[in-house]
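Structure first, then comments.
Proteins come first, then strands; the chains are lettered A, B, ... in the order of their sequence lines, and each starts at number 1.
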Amino acid sequence: MSSPSFASLEGAYDRLHPKVRRWIRDQGWNELREIQARAIVAALDGAGDILIAASTAAGKTEAAFLPILTAVADRTQSGFSVLYVSPLKALINDQFRRLETLCEAMEIPVVKWHGDASPSAKRKAIDKPEGVALITPESIEAMFTRRPADAKRLLAAADFIVVDEVHSFLQGPRGLHVASLLKRIDAMAPTSARRVGLSATIGDLRQAAAWLRPVDPDRVDILQAKSDAPELRLQVRGYSEPPDLDDPDHAEGVAEADEEPASDALPQRIALDYIADHLFGTLRGSNNLVFGGSRRTVESAADRLRRRCEKANVPNEFFPHHGSLSKVLREELEIRLKDGKLPTTAVCTSTLELGVDIGSVKSVAQIGAPRALASVRQRLGRTGRRAGTPAILRIYVREPYISRKSGLLDRLHMNTVRSVAIVRLLLAGFVEPAAPSPEIPSTLIHQILSVIAERGGISPKPLFDLLCGPGPFASIGTSDFAGLLRHLGSTDIRFLEQAPDGTLMLGSEGEKIVQSRSFFAVFETPEEWRLTVGGRTLGTLPISYPVNIGSLVVFAGQRWIVREIDEKTRTLLVAPHRGGVVPRFERNTFEPAHDRLIAEMKAVYEDDDVPPYLDQSGRDLLSAGRETFRDWDLDITTQVQEEADLHLFLWRGTQATAVFGAALSMAGLECEVHDLGLILPKTKGEEVNPILEKLAAMEKIDPMDVAEFVKNIGGGKFRESVPAPLARKQWADQNAPLIRTAQTMARTVLM
DNA sequence: GACCTGCTGCGGCATG
């Protein structure tokens, strides 16, 4: 774990291959960044794995590749010497451009290997595998299942495997997938390749080290860049929805009218209209990113901003960017941002949060209070990148209008308070650690199918040894595994079949799944409509979105009318139109908040400081929220009866609150989760207290019992093929610590 | 009351 002292770094440059040194001089670089010097020493003096954690644009790629190319420069063995694994094709294309001249100077071939990369370049690499391959996890998967013999020839002899954006793999099914593929590459190789992880600044570096090398995390050399965070300028602006607005969400979906209506029928302006006014006045003329939080808000805001440009008779410089827009439209915008010739503001979801090079922007804005520090930091990394320029962040908070009918939760102004809590934790340097992934069994099923496809057949024992043990599926024991195999072989699943000698082979369903092109990714893509105008694809809408001939839709920052519907090819032909409705892209989940964020919200309620970065309206909202908090004595009061409903204030993160809610469901109480606790509809305190007492008094709550009451347990592409007992056991294992705190919570909430 | 990500191999044809 030790990193060399700075004194020993001075000779780092001299350790590099002469051709690398010449390339560095040709770039006109005066010196190496500290993180690069440290990586050179770690890679060339050490023999183990390395984790490089530094902010965007800190030169991580060069930190890894300068020493790695030095180390492999004289290699003659066949097979790729370096694999670079990236979560994004676009990132591979960027990195290819950055590595091209360096590799050319070293006479080391480098090949892009993803779905859109040139087949002939890939074929050439198959004929003569050498040098560096830049590849996606799904392309590795494809190589394993479609050309296993080549997989071994190409991948097994690698000296280094570089994994970029490691933080994006620390939770979720795709991270489990990559970890499993790395393990399978190791299993083919005579000696394990050294792993080099590149990561943004993250909460728990040891977690990342454990992901990178599960068998020996303590021996991963962790190099963290000394943070040279730029000056931070921030503002939190508060906006209240107008009075008498039945449903601000509905209002957001109605695009502003094209013509000014008669003065007696002025449409109600909603908070988003005022936010758009401010964005238009503040951001015009420079490059910026506006994070909208949802595709719907992105479209709604982009439409409002474009209209302001039209009204002011100036060229539009605000464009939407999200995952449902066609690649062409997105790339046009990315190029426009990077070029920097025309002032450009992208209104985006998290699409522009990581990876892809769009240059440095002047400021970042966020519509709606953020829920995670990890993404706020990542977004801030897009601004203030040139020396001497500050990082600018504006948060636009929307709060409901308060009338006499308003409820307690509305009056607490949680969004404003959460924004203040976010800023406090941002300044304190807090970042959420990775949460456990519920998709472990589903992803294991994927890998079982993949290994069998790769090898034709395999016995249960070697299959277990290959996939399980330390690594992504460590929580699956031998009996779980045996149960899973039996389930997958059952007549209603038919993923597997077993030969008389015990060899596992693909069953009829398993065969179909593996043959399909969509097998390579461990995540699902829902069915969608394709929107086209004059043969050009604008993007996609969920198939669940109701459309008719004549439907109006705001999409890609413009307004359209649906002219034709082709059910067979799932295509909508649209034409420009003046009216529009902003579509819903649907999904009924919400981004979880961490324990510490909610605890900080409580601290914000209890304090009486007036943060200087709040505008006047934000200050008013904060102070009104605090007043409500004090009026109800919420520092000590945990139960509040509000008409027929009972509030339980828990002040815990989303996951702990949800687990407590599941424990209550077990006891027969239905409830809804929100940031500060639970709502029990049509419930009285006297009904709840005996149940809480019982929970608090129980010697031990068995997590398996609670698991019975969890809705949508597990997750992942193959969740429906996970045996129910295994799904419950996994949930119980992952949530056992929270079940223990649920008893403490029951005691706290008792009145 | 949420977001994002990825994709083979082959036959048949036109082209240089």
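A:Arg371 has a carboxylate O that lies under 4.0 Å from a charged side-chain N of A:Asp675, or vice versa, which qualifies the two as a salt bridge. Checked for salt-bridge contact, A:Glu252 and A:Arg304 miss the test: no charged N lies under 4.0 Å from a carboxylate O.
Among the atoms of the strands shown, none is found under 4.0 Å from any heavy atom of A:Asn415. The residue A:Val514 sits apart from the nucleic acid: no heavy atom pair falls under 4.0 Å.
Looking at heavy atoms from C-beta onward, A:Phe80 lies out of side-chain contact with A:Val132 at the 4.5 angstrom threshold.
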Would you mind building the protein contact string for nucleotides 3-9 of chain B? One character per nucleotide, 5' to 3', B for base within reach (heavy atoms under 4.0 Å), S for sugar-phosphate only, - for untouched. BSBBBBS
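A donor-acceptor pair is defined here as one N or O able to donate and one able to accept, closer than 3.5 Å; such a pair exists between the side chain of A:Trp211 and the backbone of A:Gly175.
Aromatic rings of A:His177 and A:Phe169 (six-membered ring for Trp) have centroids beyond the 6.0 Å cut-off, not under it.
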